[in-house]
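Worksheet for the structure shown next.
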There are 2 protein chains.
Amino acid sequence: MNNNLKSLRKIKNVSQNDLANALSVSRQTINSIENGKFDPSLTLAIKLTKYFNVSIDEIFKYED
Amino acid sequence: MNNNLKSLRKIKNVSQNDLANALSVSRQTINSIENGKFDPSLTLAIKLTKYFNVSIDEIFKYED
DNA sequence: AAAATATGTCAAGTATACTTGACATAAGAT
DNA sequence: ATCTTATGTCAAGTATACTTGACATATTTT
């Protein structure tokens, strides 16, 4: 799984901290997801889609 | 978060076991998700959308 | 240049997703 | 009525998502 969170975030011009606060997660969580340390939970993934107003597919690319 | 996995599965007329095998997870995992014991990982959620050929929103309803 | 803000990363802990194995009950087939 | 398949559930373990706290470095602001 990879994602384009970092670019989406930069388009909105918000910091990792801003995003973390908006979604009620830690900054490290955002950082780890952006840098591919792990994938978000479904809940957090959905929060991200709502925040950026995009679909799951527009953020995450799943590959077998 | 709630979902309509059980009804989607019955439409396709497959057992929890069939579905579990198709997605390479345990039957208990499918059962637990259907009965709201926990939510799937993003990876499993995406596998489910592909299996049923629907979007995330068509399976999962997120409510704050 | 100095101060402030943003990012990367580590370590150790908690929470939750998922596993295997087992057993009980329900429903469907012979 | 017996056999088989499907579902629900429990317990204990492993894997991964996420937390807090801390510190280093990079980037931006004054």
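Throughout, protein chains are lettered first and strands after them, A, B, ... in sequence-line order, and every chain is numbered starting at 1.
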- Query: Who pairs with A:Asn3 by side chain to side chain contact (heavy atoms under 4.5 Å, CB included), at least two apart in sequence or on another chain?
  - Reply: A:Leu5, A:Ile33, A:Ile59, A:Phe60
Considering just the side-chain nitrogens and oxygens of [X], establish if one lies under 4.0 Å of OP1 or OP2 belonging to [N].
| X | N | value |
| --- | --- | --- |
| A:Ser26 | D:dT19 | yes |
| B:Asn31 | D:dG8 | yes |
| B:Asn17 | D:dA6 | no |

- Message: According to side chain to side chain donor-acceptor pair (under 3.5 Å), does anything in residues 10-20 of chain B pair up with another residue at least two apart or in another chain? List the pairs.
- Response: B:Ser15-B:Asp18, B:Gln16-B:Asn31, B:Gln16-B:Glu34
- Query: Which residue pairs satisfy the side chain to side chain donor-acceptor pair (under 3.5 Å) criterion with at least one member in residues 48-63 of chain A, sequence neighbours excluded?
  - Reply: A:Ser55-A:Glu58
- What one should report as the nearest heavy-atom pair of B:Asn4 and B:Ser7 is O-OG, 3.0 Å
Figure out the [atom1]/[atom2] separation between [X] and [N], and round it to whole Å.
| X | N | atom1 | atom2 | result |
| --- | --- | --- | --- | --- |
| B:Asn35 | D:dA6 | CG | P | 17 Å |
| A:Ile30 | D:dT20 | CD1 | P | 13 Å |
| B:Gln16 | D:dG8 | CD | C1' | 8 Å |
| A:Ile33 | C:dT9 | CD1 | C1' | 16 Å |

Grab the N/O contacts between the protein and nucleotides 14-17 of chain C below 3.5 Å, and write none if there aren't any.
residue, atom, partner, partner atom, Å
C:dA17, O5', B:Asp39, O, 3.0
C:dA17, O3', B:Ser41, N, 3.4

- Task: Please step through side chain to side chain contact (heavy atoms under 4.5 Å, CB included) for the pair B:Leu42 and A:Leu44, ending with a clear verdict.
- Result: CA-CA 9 Å; B:Leu42 177 56; A:Leu44 178 49; over 6 Å; no
- Query: Among residues 51-61 of chain A, which contact DNA chain C at a heavy-atom distance under 4.0 Å?
  - Reply: none
- Item | Residues forming a side-chain hydrogen bond (donor to acceptor under 3.5 Å, both in side chains) with B:Thr29, sequence neighbours excluded | B:Ser26
- Query: Where the side chain of A:Thr29 is defined as all heavy atoms beyond and including C-beta, which of D:dT19, C:dT19, D:dG8 is the nearest nucleotide?
  - Reply: D:dT19
- Message: Quick check on contacts: within residues 6-15 of chain B, what sits under 4.0 Å from DNA chain D by heavy-atom distance?
- Response: B:Lys6, B:Arg9, B:Ser15
Spacing of [atom1] belonging to [X] relative to [atom2] belonging to [Y], to within rounding of 0.5 Å:
| X | Y | atom1 | atom2 | answer |
| --- | --- | --- | --- | --- |
| A:Met1 | A:Asp39 | CE | CG | 4.0 Å |
| B:Leu8 | B:Leu48 | CG | CG | 9.0 Å |
| B:Ile56 | B:Ile46 | CD1 | CD1 | 5.5 Å |

- Message: So for the helix from C:dA1-D:dT30 to C:dT30-D:dA1, with five pairs setting each end axis, what is the inter-axis angle to 10°?
- Response: 50°
Look for any protein N or O under 3.5 Å of an N or O in nucleotides 22-28 of chain C and output each such pair with its distance, or none.
residue, atom, partner, partner atom, Å
C:dA22, N6, B:Gln28, NE2, 3.4

